2 protein chains.
Amino acid sequence: MKKATLVDVAKEADVSAITVSRALRTPDMVSTALRQRVERAVAKTGYVPNKAASMLASSKTNSIVVLVPSLSNNVFDEVLRGIEEAARSANVTIQIGNTMYDPLREQQLLTSLLNPLPAGVILTGGEQNEASKRILQQAQTPVVQIMDLVKDPIHKVVGFSNYDGAVSALHHMLDAGYKRIGFIGAQMDPRAQDRLRGYRNALYDSGLQEPERTSVTNEKADVKLGGTLLTSLLTQHPDCDAVLCSNDDLALGVLFECQRRGLNVPRDVGICGFNDLGIVSEAVPRVTSVCTPRFEIGQCAVETVLDPHINTRAPVLDLGFKLHVRESTQP
Amino acid sequence: MKKATLVDVAKEADVSAITVSRALRTPDMVSTALRQRVERAVAKTGYVPNKAASMLASSKTNSIVVLVPSLSNNVFDEVLRGIEEAARSANVTIQIGNTMYDPLREQQLLTSLLNPLPAGVILTGGEQNEASKRILQQAQTPVVQIMDLVKDPIHKVVGFSNYDGAVSALHHMLDAGYKRIGFIGAQMDPRAQDRLRGYRNALYDSGLQEPERTSVTNEKADVKLGGTLLTSLLTQHPDCDAVLCSNDDLALGVLFECQRRGLNVPRDVGICGFNDLGIVSEAVPRVTSVCTPRFEIGQCAVETVLDPHINTRAPVLDLGFKLHVRESTQP
DNA sequence: AATACAAATGATAGGGCAATCATTTGCCAA
DNA sequence: TTGGCAAATGATTGCCCTATCATTTGTATT
């Protein structure tokens with residue numbers, strides 16, 4: 001038995017095909033009686049709309065393309081959860097692409113996923129290459145960039161200030177009494193660089209006139225690397241008494257390395273992470289971290305991208321952050 | 001300017017539309033000269049194939065649907081990495097769905113993602129509900145179930161034995177001298193249950209005739225829960241001298257809880273995790289874990305699902321596991 | 001040179017839906 | 001009642017590509 005089509009349903013309901021189409025897509029536009037008749041016919045025939053045909057005829061889809069730079073970075077789980085939840089209630093599907101922090105890969109994904117044209121695109125950050133930006137500008141679909149407060153957004157931005165987050169963390173660490181605070185960073189994308197800038201400027205503004213103590217690399221940030229970077233930081237700056245980490249994996253690695261070296265946290269070394277991934281609040285000692293609104297960013301990104309009044313809204317939505325102070329920075 | 005279609009390219013190259021189609025899809029079937037002419041015409045017109053039309057005409061897609069139960073569980077990152085890599089080299093796109101451990105959600109995702117029909121489906125485990133299984137059986141597309149060695153596979157299975165993994169871990173712990181080994185489990189899906197079974201049987205077979213010491217829940221497994229479960233385990237069985245955990249997050253939580261309680265690992269309590277997620281090998285002390293071939297499972301699942309000889313291959317592919325012994329179980 | 005056959009290319013006919021414009025129906029005001 | 005208008009429904013056409021079958025061209029064989 002072949003799959004039922006609109007025409008089959010139409011015959012069953014004794015109406016025209018286009019009416020069935022309307023009854024399903026825009027139920028408000030048909031009479032109640034007819035709607036019910038169509039529903040019955042759909043049930044009876046087991047009709048399932050053919051998306052390919054629908055796309056071809058309307059050159060539209062109800063799916064949102066979401067590009068993230070990593071799936072192993074737990075930061076994006078929460079973002080994706082927010083996106084999924086919002087997408088579900090808006091009745092759109094999502095299409096996830098993993099750019100692996102590679103602009104070229106991002107461009108390829110866009111080329112591939114923008115056909116057929118999605119209802120919207122959600123991207124991470126503003127580090128797209130020129131070709132990608134051109135593609136996005138020419139595509140007739142709304143674009144939301146998330147995480148960063150990107151300066152020259154394609155359309156809209158939903159995120160928070162990484163710079164302010166780092167500043168806030170540093171002020172707290174200074175208040176807690178640390179004097180020779182270092183910075184450890186990896187995977188130095190624009191967000192991590194903003195955090196580094198925040199560290200630098202807050203340090204400078206504090207009047208301590210300290211030399212900057214940093215250990216930074218472009219490798220993929222993970223727990224192991226945190227230990228490695230602490231080692232290199234302490235080699236260059238043995239007097240470090242605290243470390244601000246560009247993310248929580250690094251912070252955990254730093255904590256473990258301290259334990260290996262017999263350094264007491266928070267007494268000998270204070271540690272602050274970034275993102276507040278849940279695991280850091282369970283470590284011993286519990287680690288201070290800048291809590292970022294990842295779930296909300298996801299939700300809000302979907303709402304923004306689907307918003308019909310998208311053109312009349314502020315282009316940048318700052319969802320803020322919260323510093324969660326814990327034992328690791330309270331000597 | 002409208003987008004170029006096959007016909008435009010055909011005019012440009014002075015051939016028929018169908019020939020252009022062939023030149024692009026099956027270049028071996030046309031002459032070299034013509035292929036080059038078509039390529040030039042494509043470049044000149046900026047032609048991009050319309051996937052919706054292609055799908056409609058052929059009722060095929062070159063995308064693979066991948067359903068995982070969680071994106072926050074780091075187990076699936078690696079699997080997805082393997083899938084992505086293999087998919088890329090096979091030139092197919094992937095469509096990721098997150099079932100959130102909910103069979104109904106899985107069913108909804110299948111209903112939605114099986115239209116248009118994908119080139120294959122990759123699912124986690126065998127815990128689909130009856131409706132989902134029926135949908136998959138009727139869909140004319142290969143299905144590969146991963147992670148578990150599912151007993152009654154829909155088509156094919158790529159995974160490893162969770163049961164054997166647990167048995168192997170337990171044997172190691174017994175060999176290391178632990179006598180009163182407990183089990184901590186959460187998110188007790190069939191895989192976790194297999195691990196529990198492995199624990200039970202290995203314990204029984206060891207002849208120790210020990211009572212079983214378990215603390216198990218169906219909540220989402222995370223680091224925090226590890227601590228909670230250890231607390232409950234030690235309340236009921238204060239004599240526990242080691243813990244096998246159904247995954248690494250729990251193991252880490254157990255380690256942290258031990259630290260809070262002043263219990264020395266591995267002397268007072270031995271800890272073994274499951275999956276070997278990278279982070280456990282960095283903790284202090286480094287934690288023993290059953291290393292599972294997640295990347296390979298992903299790769300292999302794609303190869304299997306796309307394999308034209310799929311019907312003549314063994315239905316179950318066991319990729320094995322490796323116990324990585326570290327400090328946490330060497331008193 | 002004639003035949004046979006394979007390789008290369010073409011013509012036709014949908015695939016299932018939605019945009020657009022056209023028609024019918026129902027209802028109200030005058 | 002009739003004209004007018006909105007609401008509801010219908011007919012036609014096109015979206016762009018590929019499956020299928022048909023034709024042409026090229027090559028080898030006798």
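Convention: sequence-line order gives letters A, B, ...; per-chain numbering from 1. Not measured: the values here are computed from a predicted model.
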Measure from [atom1] on [X] to [atom2] on [N] and round the result to the nearest Å.
X      : N      : atom1 : atom2 : value
A/I18  : C/dT23 : CD1   : C1'   : 14 Å
B/D28  : C/dA6  : CG    : P     : 19 Å
A/L6   : C/dA18 : CG    : P     : 6 Å
A/K51  : D/dC15 : NZ    : C1'   : 19 Å
B/M29  : D/dT18 : CE    : C1'   : 12 Å
A/L56  : C/dA19 : CG    : P     : 12 Å
B/R22  : D/dA19 : CZ    : P     : 10 Å
A/L117 : D/dC15 : CG    : C1'   : 15 Å

*How would you label the contact of B/V7 with the nucleic acid (heavy atoms, under 4.0 Å): base, sugar-phosphate, or nothing?*
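Nothing: the residue B/V7, judged by heavy atoms under 4.0 Å, touches no strand.
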
Could you please name the option among [options] that lies closest to any side-chain atom of [X]?
X     : options                : answer
B/T19 : D/dA19, C/dA19, C/dT9  : C/dT9
B/T5  : C/dG16, D/dC16, D/dT18 : D/dC16
B/L34 : C/dT9, D/dC17, C/dG16  : C/dT9

Item to complete: Tell me yes or no: between the side chains of B/Q145 and B/Q128, is some donor less than 3.5 Å from an acceptor?
Response: yes

>> A quick test of your reading: do over 12 heavy atoms of other residues, nucleotides or ligands sit less than 6.0 Å from NZ of A/K11?
In response: no

Quick one: is [N] close enough that its OP1 or OP2 comes under 4.0 Å of any side-chain N or O from [X]?
X     : N      : result
B/R25 : D/dT18 : yes
B/S21 : D/dT18 : yes
A/S54 : C/dA18 : yes
B/S16 : C/dG10 : yes
B/S31 : C/dT9  : yes

Side-chain donor-acceptor distances from residues 116-123 of chain A under 3.5 Å, at least two apart:
none

Computed from five pairs at either end and rounded to 10 degrees, the angle between the axes of the helix from C/dA1-D/dT30 to C/dA30-D/dT1 is 30°

What's the shortest heavy-atom distance between [X] and [Y], and which atoms?
X      : Y      : result
B/Y47  : B/T5   : CE1-C, 3.5 Å
A/L136 : A/L114 : CD2-CD2, 4.3 Å
B/L319 : B/C300 : CD2-CB, 4.1 Å
B/S132 : B/P103 : OG-O, 4.2 Å

